[in-house]
Protein chains: 2
Amino acid sequence: MADHNRVVTSSMDAMLFLTDDQLLQGIELMYFAYKGFTSDPDLILQNYSYGRAHHRAVHFINRRKGLKVNDLLDILGITKQSLNRVLRQLINDGLVESRVGRQDKRERNLYLTEEGKSLERQLSDAQRKRMRSAYRAAGSDAVQGFRLVLEKIMDAETRNRITQDKE
Amino acid sequence: MADHNRVVTSSMDAMLFLTDDQLLQGIELMYFAYKGFTSDPDLILQNYSYGRAHHRAVHFINRRKGLKVNDLLDILGITKQSLNRVLRQLINDGLVESRVGRQDKRERNLYLTEEGKSLERQLSDAQRKRMRSAYRAAGSDAVQGFRLVLEKIMDAETRNRITQDKE
DNA sequence: TAATATATGTCAGTATTATTGACTTTATAA
DNA sequence: TTATAAAGTCAATAATACTGACATATATTA
């Protein structure tokens, strides 16, 4: 269903012609997909009286164990006052542990506690499930394209930061 | 760089094996790409003291000219009280026109005024530019995969609603 | 050592976007 | 005529962000 009309070669892609309507459709796809993508975690978070900001913090603390507060601020692109409220809640509620840095004692390294890992697992289970079924339905070639386009959509600095981390 | 290791065929895609890490990477890609994707319009909207909610309203009123208030509520998935504030501003500011329905006079059909179209163009220019350059950098095969995966990620009802509209 | 810079945390005030609940007006349908 | 539907409004609340000001502890530099 995918390969029978691959007429345009890689070398022609540079001059790919795209109508405004095709581009607008892509924009709407991003909007609707992102909306579905966040809907499962949003439901779970309600049981904890947490919001998306808590989810993001928990996600990145899990993915980059021991990261510093400043690292998290950079990743999220918000002010420390905004993060502080969320982080304080997570720490007070016993989901996140903040350890004084070993070399530089001004720094704080963030870790999920067992309780934090449990919430993270709940949230990412829901999201992984959606991603897995989408990936399987679309096929591995499509997934490769999906990843490639998303990488190109994001800001270059962001792309550099996260691709360098991943290899 | 893309096709030399395409070992998995379409028929095998149903059993595509995906590690948790691969799925989490996909989740982060969505997060970072969406962030970049909204950043250009956000800057423009600041000049008007508008937010993303205004952008979404303007976008969909442009895309579905004459749509009813209830249609817009369905698309956005918010309450009418939430939409009302935004819509009232846009109407008062002269960017949106609300016309009494021809058959059913309870209904209101929404249209962009010239001023509304001008804002829409500014916003979508920025977003189309980003999409176009991502599409071109990734190539047409990748774009096809991108679109397919996004369609599968969104809720089935949403997918049915928008794909039926588009063909 | 003294001055400066950095990392983190906090308080207060404000804005945007969303919610729920209650209610009104106008118009269509039973 | 009564009930339903579409739109609009008011009020109260919540989550997430912002700016600005300031405090504390630790490192770095002059």
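Atom set for the values below is all heavy atoms of this structure, side chains included, hydrogens, waters and symmetry mates excluded. What you see is a predicted model, and the numbers here were worked out from it, not measured in a lab. Labels below follow one simple rule: chain letters A, B, ... track the order of the sequence lines, proteins then strands, and each chain is numbered from 1.
Whole-Å rounding puts the A/Leu73 CG to C/dT10 C1' distance at 14 Å. Atom CZ in A/Arg106 sits about 11 Å away from atom C1' in C/dT4, given to the nearest Å. Distance CG (B/Leu83) to P (D/dA6): 15 Å, rounded to an integer number of Å. In this structure, A/Asp104 atom CG and D/dT24 atom P are separated by 19 Å, rounded to whole Å. C/dA7 atom C1' lies 19 Å from atom CZ of A/Arg99, rounded to whole Å. Rounded to an integer number of Å, the gap from NZ of A/Lys35 to C1' of C/dA18 is 13 Å. In this structure, NZ of A/Lys105 is placed 16 Å from C1' of C/dT8, rounded to the nearest angstrom. With rounding to whole Å, B/Leu76 atom CG is found 15 Å from C/dT19 atom C1'.
When distances run from any side-chain atom of A/Ala53 to the nucleotides D/dA17, D/dT9, D/dT26, the shortest one goes to D/dA17. For A/Arg88, taking side-chain heavy atoms from C-beta onward, the closest of the listed nucleotides C/dC11, D/dA17, C/dA18 is C/dC11. Here C/dA18 is the nucleotide among D/dC18, C/dA18, C/dA7 with the atom lying nearest to any side-chain atom of B/Ile78.
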Derivation and outcome, salt bridge (Lys or Arg N to Asp or Glu O under 4.0 Å), residues B/Lys117 and B/Glu120: CA-CA 5 Å; B/Lys117 286 177 197 172; B/Glu120 192 285 329; over 6 Å; no

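The side-chain heavy atoms of A/Val143 and B/Leu18, taken from C-beta on, include no pair separated by under 4.5 Å.
Look at A/Asn70 and you'll find a side-chain N or O under 4.0 angstrom from OP1 or OP2 of C/dT8. Between C/dT17 and B/Arg85, a contact under 4.0 Å exists linking OP1 or OP2 to a side-chain N or O. One finds no side-chain N or O of B/Arg52 lying less than 4.0 angstrom from the OP1 or OP2 phosphate oxygen of D/dT16. Look at A/Arg102 and you won't find any side-chain N or O under 4.0 angstrom from OP1 or OP2 of D/dT26. Between A/Asn84 and C/dT8, a side-chain N or O to OP1/OP2 separation shorter than 4.0 Å is absent. Contact check, B/Ser82 against C/dT17: no side-chain N or O comes under 4.0 Å of OP1 or OP2. Side-chain nitrogen and oxygen atoms of B/His54 include none within less than 4.0 Å of the OP1 or OP2 phosphate oxygen of C/dT16.
Between the side chain of A/Lys80 and the base of C/dT8 there is at least one donor-acceptor pair of N/O atoms closer than 3.5 Å. Between the side chain of A/Arg108 and the base of C/dT8, no donor-acceptor pair under 3.5 Å is found. Between the side chain of B/Gln81 and the base of D/dG8 there is no donor-acceptor pair of N/O atoms closer than 3.5 Å.
Contacts of B/Gln46 with the nucleic acid, taken as non-hydrogen atoms under 4.0 Å apart, are absent.
The two residues A/Ile162 and A/Arg64 make their nearest non-hydrogen contact at CG2-NH2, 4.1 Å. Residue A/Ala138 comes nearest to B/Leu148 through the heavy atom pair O-CD2, 3.6 Å, listed as atom of the first residue, atom of the second, then distance.
The aromatic rings of B/Tyr50 and B/His54 lie parallel to each other, their planes meeting at an angle below 30°, with 60° marking the opposite boundary. Ring geometry, A/Phe60 versus B/Phe32: the interplanar angle falls from 30° to 60°, so the pair is classed tilted.
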